Amino acid sequence: MPTGASILHADLDAFYASVEQRDDPRLRGRPVIVGGGVVLAASYEAKAYGVQSAMGGRQARRLCPEAVVVPPRMAAYTAASRAVFAIFRDTTPWVEGLSIDEAFLDVGGLRRLSGSPVQIATRLRRMVGEQVGLPITVGVARTKFLAKVASGVAKPDGLLEVPPDGELAFLHPLPVERLWGVGPVTAAKLRARGIHTVGQLARLDVPTLESLLGAGAGGHLHALAHHRDPRPVQVGRRRSSMGAQHALGAGPHSPADVDATLSGLVDRVARRLRAAGRAGRTVTLRLRFADYTAATRSRTLRRATDRTTPLLAAARSLLRAAQPELARRGITLVGVAVGNLDDAPVQPELPFTPDRGVELDNAVDAVRDRFGAAALTRATLLGRRPGLEMPRLPD
DNA sequence: TCTGGGGTCCTAGGACCC
DNA sequence: TCTGGGGTCCTAGGACCC
């Protein structure tokens with residue numbers, strides 16, 4: 001385990017909303033919501049009214065009627081993310097991206113070259129502010145887990161170091177919800193036992209926790225509460241799945257409607273795979289029934305592919321098999337994900353591959369590259385609205 | 001509180017192989 | 001006819017995060 005507090009967790013504040021405020025001065029100081037049907041990001045002015053990301057748009061507007069609602073501009077967020085990650089990698093080669101707007105940085109061993117971790121974090125925050133124009137919070141600690149908790153406590157626009165000799169003193173007064181991995185379900189179980197703080201959690205023995213939360217989660221949480229969970233910063237992590245989904249209204253929805261939506265989703269995912277140079281073996285159909293319970297059906301192909309045709313065939317056969325259940329229970333969401341991702345196989349030169357599927361995919365991709373994603377649409381999808389996309393790990 | 005759209009990780013059972 | 005143990009892969013569900 002590292003001895004000094006040399007892991008940074010750097011996390012852009014209200015990322016999409018901050019980009020909007022940066023690019024439109026009229027939005028500064030005002031509550032801003034990015035997204036329409038669902039809140040993708042809320043500025044801190046909007047959060048003060050209780051608006052949270054992932055909240056339904058209607059509820060958000062009820063909480064904060066004066067909020068300015070702007071549609072997402074993914075290209076702007078991607079560009080800002082690239083600029084910030086360039087600064088991360090300028091700081092240290094040991095960068096583990098977690099999502100479009102946060103990363104772990106290991107700055108151990110840079111002391112003589114760059115100064116103490118807190119000095120490095122201070123400089124990092126200044127550079128992101130000056131060069132990209134965005135606020136960013138940094139947590140500094142001995143482990144990734146604690147650095148992440150620290151940045152959460154320090155937000156927004158903050159810097160917080162947890163010194164190695166002050167870890168439990170920092171951790172134990174915190175509410176259990178602050179722990180990375182404790183969500184609503186676990187928090188409710190703990191609350192029911194009168195456990196509200198990390199300190200109370202730490203006093204429970206492992207068997208008690210395991211009986212409450214299951215063998216794996218119980219032991220893991222015990223380790224977290226005592227801060228015994230070192231994990232190294234992993235450079236060059238790549239995404240392991242890629243998917244798209246679409247919520248359907250209450251319905252009813254004909255099998256043809258659902259199939260058309262699924263085709264559009266597979267189109268999108270396959271195109272993103274090809275753009276990223278990835279290919280996948282496992283096709284997962286994601287379903288949500290009328291009662292909002294979820295289910296998945298998956299199938300693993302013999303070889304990884306980035307081709308629309310085989311991916312669509314697999315997705316369709318899963319949907320066909322689920323049709324009787326859908327007829328019975330109704331459907332409110334359909335999605336598809338491609339997992340088991342690998343680098344895309346190298347395509348042989350065109351003259352040697354009279355493969356109509358490859359040629360069609362390439363032609364469709366080329367048209368969309370030049371004229372935009374909406375330039376070509378499946379006939380069955382005409383009149384439907386495309387959904388939103390949110391990139392995560394770098395491809 | 002009526003419900004997005006992206007993801008990751010963990011668990012558990014069954015098939016299959018040695 | 002019954003009997004071990006271990007490892008990997010596949011499938012499905014669920015919790016959690018942004």
Side-chain angles (χ1 to χ4, degrees), chain A residues 9 11-17 33-42 50 52-60 62-63 72 74 77-78 81 96-103 148-149 151-152 155 176-189 210 213-221 224 231 234 237-250 265 268-269 272 281-302 318 321-322 325 332-341 385-395:
Chain A
H9 178 257
D11 196 349
L12 290 155
D13 302 314
F15 178 42
Y16 298 175
I33 292 172
V34 179
V38 63
V39 177
L40 294 178
Q52 296 168 8
S53 66
M55 180 179 274
R58 199 173 311 165
Q59 187 190 355
R62 199 165 45 237
L63 287 169
M74 292 310 304
Y77 313 146
T78 304
S81 174
E96 176 182 339
L98 275 186
S99 71
I100 193 169
D101 63 357
E102 59 179 315
K148 169 103 178 162
V149 176
S151 73
K155 271 184 167 300
V176 289
E177 289 88 348
R178 277 282 177 200
L179 293 183
W180 195 19
V182 174
V185 176
T186 305
K189 285 180 188 168
E210 286 183 343
L213 307 172
H220 179 62
L221 217 49
L224 288 188
R231 294 187 189 195
Q234 292 180 302
R237 285 190 60 169
R238 307 173 84 194
R239 80 163 76 224
S240 66
S241 76
M242 211 183 265
Q245 59 183 56
H246 189 70
L248 308 165
L265 294 169
R268 244 162 64 198
V269 172
R272 282 171 56 209
R281 277 183 66 217
T282 303
V283 178
T284 300
L285 176 72
R286 187 171 300 281
L287 300 168
R288 194 180 62 196
F289 303 109
D291 64 0
Y292 279 79
T293 58
T296 61
R297 299 287 180 267
S298 67
R299 186 147 120 189
T300 300
L301 309 174
R302 258 196 24 255
L318 291 166
E325 196 173 8
T332 55
L333 177 141
V334 62
V336 66
V338 179
N340 255 321
L341 293 192
R385 264 188 351 195
L388 300 172
E389 289 183 23
M390 255 179 92
R392 286 191 48 91
L393 287 178
D395 302 311

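Just so it is clear, the structure is predicted and the values come from calculations on it, not from any experiment. Below, chain A is the first sequence line, B the second, and so on; all start at residue 1.
- Contacts of A:A187 classified as side chain to side chain contact (heavy atoms under 4.5 Å, CB included), with partners at least two apart in sequence or in another chain: A:E177, A:V182, A:R191.
- A sub-4.0 Å separation between OP1 or OP2 of B:dT8 and a side-chain N or O of A:S241 is present.
- In this structure, A:A250 reaches neither bases nor backbone, as no heavy-atom distance under 4.0 Å exists between it and the strands shown.
- At C:dC18, one or more side-chain N or O atoms of A:K148 fall inside 4.0 Å of OP1 or OP2 (strictly under the cut-off).
- Distances shorter than 4.0 Å separate none of the side-chain N or O atoms of A:R231 from OP1 or OP2 on B:dC9.
- Residues passing the side chain to side chain donor-acceptor pair (under 3.5 Å) test with A:R288 are A:T332, sequence neighbours excluded.
- A distance-only check finds a donor-acceptor pair linking the side chain of A:R272 to the backbone of A:G243 [under 3.5 Å].
- Without hydrogens or angle criteria, A:R281 side chain to A:L301 main chain gives a donor-acceptor distance under 3.5 Å.
- Judged as a side chain to side chain donor-acceptor pair (under 3.5 Å), and not counting sequence neighbours, the contacts of A:E96 are A:K144, A:R237.
- When heavy atoms are screened at a 4.0 angstrom cut-off, A:R281 is found touching the sugar-phosphate backbone but no base atom.
- Contact check, A:S240 against B:dT8: a side-chain N or O comes under 4.0 Å of OP1 or OP2.
- For C:dC2, the base adopts the anti conformation, since its glycosidic angle falls more than 90 degrees from zero.
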Hey, what are the protein-to-nucleotides 1-3 of chain B N/O distances that come in under 3.5 Å?
residue: B:dC2; atom: OP1; partner: A:R62; partner atom: NH2; Å: 2.7
residue: B:dC2; atom: OP2; partner: A:R62; partner atom: NH2; Å: 3.1

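- The side-chain heavy atoms of A:L179 and A:T186, taken from C-beta on, include no pair separated by under 4.5 Å.
- Across all strands shown, A:S53 has no heavy atoms under 4.0 Å from either base or sugar-phosphate atoms.
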What does the list of N/O pairs under 3.5 Å between the protein and nucleotides 13-15 of chain C look like, with a distance for each?
residue: C:dG13; atom: OP2; partner: A:T296; partner atom: N; Å: 2.9
residue: C:dG13; atom: OP2; partner: A:T296; partner atom: O; Å: 3.0
residue: C:dG13; atom: OP2; partner: A:R297; partner atom: NH1; Å: 3.1

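- Consecutive pairing runs in DNA chain B reach the stem threshold at B:5-18 with C:5-18, where a stem means at least three Watson-Crick or G-U wobble pairs with distances under 3.5 Å.
- Residue contacts for A:V39: at a heavy-atom cut-off of 4.0 Å it reaches no nucleic acid atom on any strand shown.
- Phosphate contact (OP1/OP2 of B:dG4, side-chain N/O of A:H246, threshold under 4.0 Å): absent.
- A:G57 comes within 4.0 angstrom of nothing in the nucleic acid, heavy atoms only.
- Applying the side chain to side chain donor-acceptor pair (under 3.5 Å) test to A:T282 and every residue at least two apart in sequence or in another chain returns A:T300, A:N340.
- Take A:R297 and apply the salt bridge (Lys or Arg N to Asp or Glu O under 4.0 Å) test, not counting sequence neighbours, and it matches A:E325.
- With sequence neighbours left out, A:E102 forms a salt bridge (Lys or Arg N to Asp or Glu O under 4.0 Å) with A:K148.
- Base orientation of B:dG4: syn (glycosidic angle within 90° of 0).
- Residues meeting the ring pair (Phe, Tyr, Trp, His ring centres under 6.0 Å) test with A:F15, sequence neighbours left out: none.
- Annotation: salt bridge (Lys or Arg N to Asp or Glu O under 4.0 Å) contacts of A:R231 (sequence neighbours excluded): A:D229.
- Applying the side chain to side chain donor-acceptor pair (under 3.5 Å) rule to A:D11 yields no partners; only residues at least two apart in sequence or on another chain are considered.
- One finds a side-chain N or O of A:R237 lying less than 4.0 angstrom from the OP1 or OP2 phosphate oxygen of B:dC9.
- An OP1 or OP2 oxygen of B:dG7 is reached within less than 4.0 angstrom by a side-chain nitrogen or oxygen of A:R272.
- The 5' end of DNA chain B is approached more closely, in terms of each residue's nearest nucleotide, by A:A54 than by the other of A:A54 and A:G243.
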